[in-house]
Amino acid sequence: MKRALITGVTGQDGSFLAELLLEKGYDVHGTIRRSSVDFRERIAHLEGHSNFHLHYADLGDSMSIIQVVKKVAPDEIYNLAAQSHVQVSFDSPEFTCDVDATGVLRVLEAVRQCDLQDKCRIYQASTSELYGKVEEVPQNENTPFHPYSPYAVAKQYGFWIVKEYREAYGMFCCSGILFNHESERRGETFVTRKITLAAARIAQGKQDKLYLGNLGSLRDWGYAKDYVECMWLILQNDKPEDFVIATGEQHSVREFCQLAFRRVGIELRFEGEGEDEKGIDTATGKVLVEVSPDFYRPTDVVNLWGDPTKARKELGWNPQKTSFEQLVNLMVDADMAKVAAERASEHVKMNLAEYLEKGIVK
Ligand code: NAP
Ligand code: G4F
């Protein structure tokens with residue numbers, strides 16, 4: 001039985017990857033961080049599985065990483081842990097650097113110090129943000145990097161240190177340069193999930209308006225569940241190499257909004273420009289989407305579009321398994337169900353309060 005260690009197992013990708021590896025018969029170990037609230041909803045369904053184990057470790061703490069690598073002695077490490085929010089990296093640049101840059105070095109060194117460098121394969125969660133202020137469209141493995149946020153600069157160090165350890169020590173370590181991938185488990189402050197949740201809330205009368213930043217920003221959005229399969233394929237390859245993982249299709253934030261609202265039965269028309277642009281419900285004339293400069297970034301990456309040819313040819317990976325429309329629809333449907341369930345439980349609580357007041361229940 002192969003043993004895998006996933007850092008960041010509580011995240012969107014970590015949870016999907018843990019499921020995939022368990023299905024493949026792996027013994028799966030994940031790292032978690034101590035928190036004052038117990039918030040592990042993405043992996044709650046896996047806890048208790050006999051091949052699923054959790055360990056405390058923090059990418060800012062090399063002792064904790066060495067300890068877990070020594071204890072687990074993994075065949076494969078998937079280093080997914082990161083401060084992954086680009087806008088937050090402008091507010092917490094030092095923390096982002098420590099976790100997203102030095103953290104990668106800590107993982108690589110832990111493997112060497114535990115004498116596992118010839119046995120353990122390492123996957124590093126790299127990112128299309130490295131292309132940043134893009135120098136070529138679409139972007140492939142040979143496109144020059146131009147990182148454009150503290151997050152991207154930190155991730156660039158991670159990319160190069162992985163390459164360095166591969167060349168200097170002959171380690172099997174690789175980076176997946178993943179373009180944006182989303183799902184019903186995506187964090188609620190990333191733009192896609194913010195939109196699908198808002199569309200669901202607006203459709204069910206729980207929210208009036210959605211405020212967004214740059215509506216014209218372009219992304220190559222895929223489905224996270226399809227992308228974790230590629231992480232695994234990269235480590236099963238004959239040679240340690242880096243791969244671009246993307247769908248090969250590009251859409252704007254505005255288009256994402258239109259599709260998401262359409263799924264809940266609202267047709268949006270966009271009018272105006274820049275900060276004055278608005279998304280209007282064509283049936284009622286109500287303004288449902290507005291621009292707020294609060295969501296603008298000091299430097300924004302606006303033209304990401306990946307070329308997944310290498311992954312398709314060399315790994316046999318299918319970049320078009322889930323279409324853009326399917327992705328939007330599955331996210332909206334999950335959020336419609338989530339909001340409906342919240343409303344139902346509010347209703348029960350309200351009824352209960354009323355019944356208690358009237359003495360109907362005691
Ligand atoms: P995510 O949902 O934000 O998950 C990040 C994970 O990292 C969480 O488990 C988080 O733990 C953990 N983490 C954060 N700081 C840590 C620290 N100091 N020590 C240990 N663990 C820490 O991110 P994701 O979307 O799954 O992305 C996974 C990885 O892929 C990240 O490295 C991200 O930068 C990269 N990436 C993502 C995308 C994308 O579109 N999703 C694209 C390219 C690259 P808590 O739950 O305790 O916070
Ligand atoms: O959803 P986002 O915050 O994702 P971003 O910045 O592309 O980063 C994500 O993908 C990267 C891969 O390219 C990962 F490496 C990274 O970890 C993360 O998963 O923003 C997407 C775009 C940006 O241009 C942003 O300016 O949407 C624009 N946007 C417009 N309004 C907004 C908003 N972004 C957010 N988060 N919130 C808004 O209201």
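Every number for a ligand or one of its atoms is a count from 1 in the order of the listing. Excluded from the calculations below are hydrogen atoms, water molecules and symmetry mates; all remaining heavy atoms, backbone and side chain alike, are included. Because the structure is predicted, anything quoted here is derived from the model rather than measured.
- The nearest protein atom to atom 46 (O) of ligand 1, hydrogens excluded, is given as T10 OG1, 2.6 Å; this is a heavy-atom distance.
- Distances from atom 21 (N) of ligand 1 to the heavy atoms of S35, G60, A81, G14 put A81 nearest.
- By the ring pair (Phe, Tyr, Trp, His ring centres under 6.0 Å) test, Y151 is found to be paired with no residue, residues two or more places apart in sequence or in another chain being considered.
- Looking at V104, N180, I65, D58 and measuring to atom 17 (C) of ligand 1, the nearest heavy atom belongs to D58.
- Compare S292, S89, S84 by their heavy atoms: the one nearest to atom 18 (C) of ligand 2 is in S84.
- Protein heavy atom closest to atom 25 (O) of ligand 1, with residue, atom name and distance, is R186 NH1, 3.4 Å.
- Heavy-atom proximity to L59, at under 4.0 Å, picks out these atoms of ligand 1: 17 (C), 18 (N), 19 (N), 20 (C).
- Counting only residues at least two apart or in different chains, side chain to side chain donor-acceptor pair (under 3.5 Å) contacts with residues 284-293 comprise K209-E290, D281-T284.
- Considering backbone and side-chain N/O atoms, E182 never comes within less than 3.5 Å of an N/O atom of ligand 1.
- Close contacts between ligand 1 and S126 involve ligand atoms 43 (C), 44 (C) [criterion: under 4.0 Å to a heavy atom].
- Residue contacts with ligand 1: G8 is placed with a nitrogen or oxygen under 3.5 Å of a nitrogen or oxygen of the ligand (distance criterion only).
- Residue A82 holds the heavy atom nearest to atom 13 (N) of ligand 1 of all those in A125, G176, A82, A224.
- For a threshold of 3.5 Å applied to N or O pairs, the pair formed by F95 and ligand 1 contains no separation below that value.
- With distances taken over non-hydrogen atoms, the option nearest atom 5 (P) of ligand 2 out of N180, L212, I195, D220 is N180.
- Residue S84 has at least one N or O atom closer than 3.5 Å to an N or O atom of ligand 1.
- Counting heavy atoms only, V191 comes closest to atom 35 (C) of ligand 2 of the residues V191, T192, D300.
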